[in-house]
Undergrad: 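Here it is: the structure, laid out below.
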Amino acid sequence: MSTTDGEPKPGHPERKDGMDSTDRTDRTPAENRPAAEPERRRTPGHGGADPTVDAALLDSLFEQTPVALYLLDEDLRVVRHNAAAQAGESRAGREIGGRRCDFAPGFDDAELETLARQALQDGEWIRGHLVRGRTPTDPCRDLIGAVSYFRIVTEDGRRHLVAAVEDVTERQAALDRLDILHTAHRQIGASLDAVGSAQELADVAVPRLADIATVDLLDEPLRGLPPRPAPVDPAAPLRRYAYRAVRGHGRPAGDRGPIPYGELSTYAVPTPYSQVLDDARARLVRRLGSNQDWLAADPERAGRLAELGVHSMIVAPLVVHDAVLGLLALYRSRRPEPFEEADLELAVELAERGALSIDKARSYARERSIATTLQRQLLPREPSELSAVETAQVYLPGVVGPGGDWYDIVPLSAARVGLAIGSVTGNGIEAAALMGQLRTALRTLAVQDLPPDELLVRLDEAARVLTDEQRGSLPPGADGLPDGLASCLYLVYDPIARTCTGASAGHHGPVLVGPDGMPLPFPVEAALPLGCGDSCYETATVELEPGSVLALYTDGLMSGRARRKDGREPAADGPVERRGVLERSLARAGEEQLRDLCDRVVYALLPERQREDAVLLLARTRALPDEQVAVWTLPDDPAVVRTARRLAEHQLAAWGLTDLEFATDLIVSELVTNAIRYGKPPIRLRLIRDQGLICEVSDSSDSTPHLRRAKSTDEGGRGLFIIGQLAQRWGTRFARHGKTIWAQQDLPAADAPPTGLPGAGIGGELTS
């Protein structure tokens with residue numbers, strides 16, 4: 001640096017063109033020189049140091065610095081370099097005075113020159129810019145340098161540039177390996193899919209570590225069987241689940257490798273592959289050539305490797321908990337340097353990370369498969385033919401695993417049918433188990449002929465018990481359970497009255513379309529979900545024409561992105577819009593089969609795989625013909641019992657069911673007698689010919705019949721016992737005013753003998 005009058009400061013010698021300040025001629029005129037200042041006290045660390053000593057120190061510093069230093073002029077010509085630069089680049093000494101920015105073979109000269117001119121012009125300190133080249137003594141080996149530039153300006157205003165080049169090959173290689181591991185921890189296993197995790201492992205390895213990577217997995221663990229501990233029989237088939245290669249050697253970018261994706265293959269013995277399967281230890285083959293003895297054991301694979309130009313390889317086992325899942329194979333064909341021990345250690349760590357992710361995905365898939373199987377087993381089987389409705393349903397498990405979505409179709413008395421759909425909070429095996437409990441409870445309550453609102457009240461009580469049990473088994477640290485254990489919609493359709501009554505506990509109301517495909521209102525109000533203890537549910541009733549279609553669904557069906565009719569643009573995203581898509585999908589309900597309608601709805605609402613479970617239940621209503629129902633109102637007189645029997649006999653004869661006459665007379669006599677004795681008028685007798693013969697007697701009393709044991713000395717008390725022996729099913733159904741006692745008999749086969757009266761035994765009596 002210089003003072004304002006051009007005289008150098010003491011103790012700060014200036015370099016110019018690589019020379020010391022003491023060698024520089026002072027061109028300042030004598031008359032213009034300032035008077036000599038008094039001699040300053042020279043203290044170490046202050047400006048009074050001897051310039052000659054400082055220059056020698058700077059020369060020693062420049063020459064002995066282990067970092068390669070270059071001094072460049074304004075034209076980027078090398079003015080001076082130190083011994084480290086001479087040792088690192090043999091040609092540097094011959095190029096002093098020449099234009100020079102390629103500090104090592106293979107470095108990008110244009111990039112370095114651009115950075116150098118930027119630093120020279122702007123004065124910015126460019127520090128540690130990484131460049132890659134080749135080692136002069138070994139052109140097959142990478143060289144990574146950290147290049148720094150900073151500008152210096154002499155007292156006469158001339159600018160120079162100092163370039164420092166440091167060999168950071170080993171350090172950068174270690175950082176690259178750490179970065180590869182960081183990428184592996186971040187990317188591998190994010191999909192919870194074994195196949196996806198295998199491909200993610202190959203993607204991380206190529207191209208940063210290898211030119212080609214393959215992942216082969218044992219087939220048995222992915223099919224649900226437990227993985228094998230080492231040693232693994234080399235004859236065990238492995239399936240190719242991942243392949244990744246850099247583009248080169250004329251191979252297309254999308255090439256899936258020599259072994260097709262998903263193909264089974266085995267490894268010959270002895271080869272590095274079989275040895276790894278035997279002891280679960282990784283193998284490094286630095287130089288792969290024709291002199292390798294093991295290539296003769298597997299000539300087909302050797303030919304593939306030669307075709308790809310592979311010259312170095314690593315085979316690492318995918319091991320988790322001492323169990324072998326498969327193999328990770330890494331190959332180098334494009335880059336000339338072979339794998340080293342550090343690469344082997346990195347490959348082993350990658351294999352461990354990949355094995356953990358694959359095993360986690362495998363365990364998740366196994367648990368998901370178990371939960372899905374459990375849920376499907378807990379869902380109802382295909383229902384038998386019903387007179388009230390024709391049904392079709394679809395259940396689609398979600399990506400995150402099966403949840404608690406369910407449905408049910410319950411045959412009821414008087415040819416009616418109960419339709420239920422619901423969803424349990426959560427997913428997995430626990431949700432499937434809870435779903436099974438709730439469905440069982442609902443079916444038990446439904447067969448008791450409870451109206452929808454009363455059934456949900458009872459089901460809510462059962463859900464609260466289950467909620468309390470869950471709350472008592474919460475793991476440590478869990479905050480609590482969400483509000484509501486489940487939602488449920490329950491409908492009852494009567495094909496004789498042609499009415500449908502429904503109530504909802506936190507579930508969407510059904511979509512209803514008429515026989516002409518036009519949507520119809522069915523305002524079922526959704527109360528609080530089950531388990532909240534609300535115990536207040538409103539019912540809604542609509543009258544339906546035969547051929548109307550009811551659509552019951554869960555939230556998962558509305559979780560996808562619905563598409564317009566042309567299939568090109570997504571429809572508006574919202575529950576109202578998606579419900580409209582469902583209504584439009586059912587517009588041809590009167591023309592198509594229900595199974596085709598189910599597919600149509602799925603195609604429209606779920607163009608992609610949904611995250612949650614989805615259930616759709618479609619029911620097309622039917623009406624029971626009037627000629628299959630006979631109704632009589634009877635006076636409150638014991639003498640009318642004989643008349644009731646005669647009416648029943650005439651109706652059975654008209655229906656061709658005289659084989660059931662004897663049993664039906666006994667059932668009618670017992671039910672009418674007890675209604676007159678214990679009930680209140682009016683008394684009504686109804687016969688229904690459906691899947692069976694149903695005999696019903698109604699009165700205005702709310703008394704509940706029940707069985708009691710009759711002793712051998714009792715004169716009565718065997719009426720219900722006789723009915724229970726003659727009928728396959730019997731029960732009591734309550735209405736807003738009064739009750740109905742019913743008994744159903746199976747229709748006899750053409751050659752079945754007449755039904756007779758069973759022997760006497762312990763029975764019961766109808767009491768109020």
Side-chain angles (χ1 to χ4, degrees), residues 383-391 409-419 449 492-501 514-516 541-550 590 594 619-635 640-672 675 682-699 723 726-731 733 735 738 740-752 754-755:
S384 57
E385 185 69 19
L386 299 173
S387 300
V389 292
E390 174 193 357
T391 60
I409 304 169
V410 187
L412 302 177
S413 63
R416 299 172 307 136
V417 64
L419 304 174
D449 287 318
V492 175
Y493 174 67
D494 187 343
I496 299 176
R498 302 174 186 177
T499 59
C500 185
T501 303
D516 56 356
T541 302
V542 294
E543 187 172 343
L544 304 180
E545 295 183 24
S548 301
V549 174
L550 289 161
L594 288 186
R620 178 181 286 129
T621 62
R622 295 169 175 167
L624 202 64
D626 294 338
E627 58 269 16
Q628 293 184 221
V629 181
V631 183
W632 302 276
T633 301
L634 305 177
V640 80
V641 176
R642 177 181 298 179
T643 304
R645 288 198 301 266
R646 299 288 176 86
L647 293 173
E649 291 171 1
H650 287 301
Q651 189 61 55
L652 292 180
W655 286 341
L657 298 177
T658 55
D659 291 342
L660 298 179
E661 181 178 313
F662 181 72
T664 305
D665 283 348
L666 292 176
I667 293 174
V668 169
S669 297
E670 184 65 31
L671 293 182
V672 172
I683 299 172
R684 189 182 64 171
L685 170 63
R686 184 168 72 166
L687 296 180
I688 304 171
R689 181 184 179 182
D690 186 31
Q691 303 294 333
L693 177 64
I694 303 171
C695 179
E696 296 183 346
V697 175
S698 305
D699 66 82
I723 293 177
L726 294 174
Q728 277 63 44
R729 299 171 56 204
W730 73 275
R733 181 175 69 251
T740 299
I741 304 175
W742 58 271
Q744 179 174 331
Q745 307 172 70
D746 288 342
L747 296 181
D751 55 350
T755 304

Undergrad: Enumerate the salt bridge (charged side-chain N to carboxylate O under 4.0 Å, His left out) contacts for residues 640-654, please, sequence neighbours excluded, ordered by first and then second residue.
TA: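 Output for this query is empty, none listed.
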
Undergrad: Leu634 vs Thr643, test: side-chain contact (heavy atoms from CB on, under 4.5 Å). Steps then yes/no.
TA: CA-CA 9 Å; Leu634 305 177; Thr643 304; 5.6 Å; no

Undergrad: Sequence neighbours excluded, which residues qualify as side chain to side chain contact (heavy atoms under 4.5 Å, CB included) partners of Pro635?
TA: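 Listed in chain order: Val640.
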
Undergrad: Just how far is it from atom CD of Glu670 to atom CD1 of Ile741, taken to the nearest 0.5 Å?
TA: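 It is 9.5 Å, given to the nearest 0.5 Å.
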
Undergrad: Just how far is it from atom CG of Leu666 to atom CG of Leu726, taken to the nearest 0.5 Å?
TA: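 Reported to 0.5 Å precision, the distance equals 6.0 Å.
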
Undergrad: Where is the tightest heavy-atom contact between Gly514 and Ser548, given as atom of each residue plus distance?
TA: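 What the structure gives for the nearest pair is CA-OG, 4.0 Å.
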
Undergrad: Test side-chain contact (heavy atoms from CB on, under 4.5 Å) on Leu550 and Leu544 and set out the steps.
TA: CA-CA 10 Å; Leu550 289 161; Leu544 304 180; 4.2 Å; yes

Undergrad: What pairs with Ala743 under side chain to side chain contact (heavy atoms under 4.5 Å, CB included), at least two apart in sequence or on another chain?
TA: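 If we apply the side chain to side chain contact (heavy atoms under 4.5 Å, CB included) test to Ala743, skipping adjacent residues, the hits are Ile667, Ile723, Ala727, Trp730.
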
Undergrad: Could you tell me which residues satisfy side chain to side chain contact (heavy atoms under 4.5 Å, CB included) with Gln728, sequence neighbours excluded, listed by chain and number?
TA: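 Counting only residues at least two positions away or on another chain, Gln728 forms a side chain to side chain contact (heavy atoms under 4.5 Å, CB included) with Gln745, Asp746.
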
Undergrad: I need the minimum non-hydrogen distance between Ser698 and Thr740, along with the two atoms involved.
TA: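 In terms of heavy atoms, the two residues are closest at OG-OG1, 2.7 Å.
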
Undergrad: From Leu652 CG over to Thr658 OG1, what is the distance, rounded to the nearest 0.5 angstrom?
TA: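 Separation between the atoms: 8.0 Å.
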
Undergrad: List the atom of Cys695, the atom of Leu671, and the distance in Å for their closest heavy-atom pair.
TA: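 Residues Cys695 and Leu671, closest heavy atoms: O-CD1, 4.2 Å.
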
Undergrad: Sequence neighbours left out, what passes side chain to side chain contact (heavy atoms under 4.5 Å, CB included) with Gln744? Give chain and number order.
TA: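 So Gln744 forms a side chain to side chain contact (heavy atoms under 4.5 Å, CB included) with Ile694, Arg729, Trp742.
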
Undergrad: Are the side chains of Trp655 and Leu693 in touch, meaning some heavy atoms are under 4.5 Å apart?
TA: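 Yes; the side chains approach each other to less than 4.5 Å.
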
Undergrad: Could you pull out all residues at least two apart from Arg622 that satisfy salt bridge (Lys or Arg N to Asp or Glu O under 4.0 Å)?
TA: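 Arg622 satisfies salt bridge (Lys or Arg N to Asp or Glu O under 4.0 Å) with Glu385 once adjacent residues are dropped.
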
Undergrad: Using the test side chain to side chain donor-acceptor pair (under 3.5 Å), find all partners of Thr633 that sit at least two apart in sequence or belong to another chain.
TA: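 Once residues adjacent in sequence are excluded, Thr633 has no partner under the side chain to side chain donor-acceptor pair (under 3.5 Å) criterion.
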
Undergrad: Looking at every non-hydrogen atom in both residues, tell me the closest pair between Val697 and Ala675 and how far apart they are.
TA: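 Result for this residue pair: CG1-CB, 3.7 Å.
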
Undergrad: Counting N and O atoms only, with roles assigned by atom type, does the side chain of Thr621 sit under 3.5 Å from a partner on the main chain of Glu545, one being a donor and the other an acceptor?
TA: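 Checking the backbone N and O of Glu545 against the side chain of Thr621, a donor-acceptor pair under 3.5 Å is found.
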
Undergrad: Mind checking what makes salt bridge (Lys or Arg N to Asp or Glu O under 4.0 Å) contact with Asp494, not counting sequence neighbours?
TA: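 None.
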
Undergrad: When you compare the side chain of Val417 with that of Pro411, does any pair of heavy atoms fall below 4.5 Å?
TA: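 Of all side-chain heavy-atom pairs linking Val417 with Pro411, none is under 4.5 Å.
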
Undergrad: Quick check for you: to the nearest 0.5 Å, what is the distance between Asp659 atom CG and Leu747 atom CG?
TA: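 Taking CG in Asp659 and CG in Leu747, the distance rounds to 10.5 Å.
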
Undergrad: Just to verify, what does Glu390 make a salt bridge (Lys or Arg N to Asp or Glu O under 4.0 Å) with, not counting sequence neighbours?
TA: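 Partners of Glu390 by the salt bridge (Lys or Arg N to Asp or Glu O under 4.0 Å) criterion, ordered by chain and then number, come out as Arg620.
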
Undergrad: Sequence neighbours excluded, which residues qualify as side chain to side chain donor-acceptor pair (under 3.5 Å) partners of Gln691?
TA: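 Here the qualifying residues are Ser387.
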
Undergrad: Let me confirm one number: the CG-OG1 distance from Leu657 to Thr664, rounded to the nearest 0.5 Å.
TA: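 Here the interatomic distance stands at 8.0 Å.
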
Undergrad: Going by side chain to side chain donor-acceptor pair (under 3.5 Å), name the residues that satisfy it together with Ser413, two or more places apart in sequence or in a different chain.
TA: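 In terms of side chain to side chain donor-acceptor pair (under 3.5 Å), with neighbours along the sequence ignored, Ser413 is linked to Arg416, Asp449, Arg733.
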
Undergrad: Can you name the closest pair of heavy atoms from Ala648 and Val668 and give their distance?
TA: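 Distance-wise, the nearest heavy atoms are CB-CG2, 4.1 Å.
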
Undergrad: Please name the pair of heavy atoms, one in Tyr493 and one in Thr499, separated by the smallest distance, quoted to 0.1 Å.
TA: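 So the two residues come closest at CD1-O, 3.3 Å.
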
Undergrad: Taking only residues two or more places apart in sequence, or in another chain, which ones meet Arg498 in a side chain to side chain donor-acceptor pair (under 3.5 Å)?
TA: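 None.
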
Undergrad: Hey, what do you get for CG (Leu685) to CD (Gln651), rounding to the nearest 0.5 Å?
TA: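 Answer for the CG-CD pair, Leu685 versus Gln651, is 10.0 Å.
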
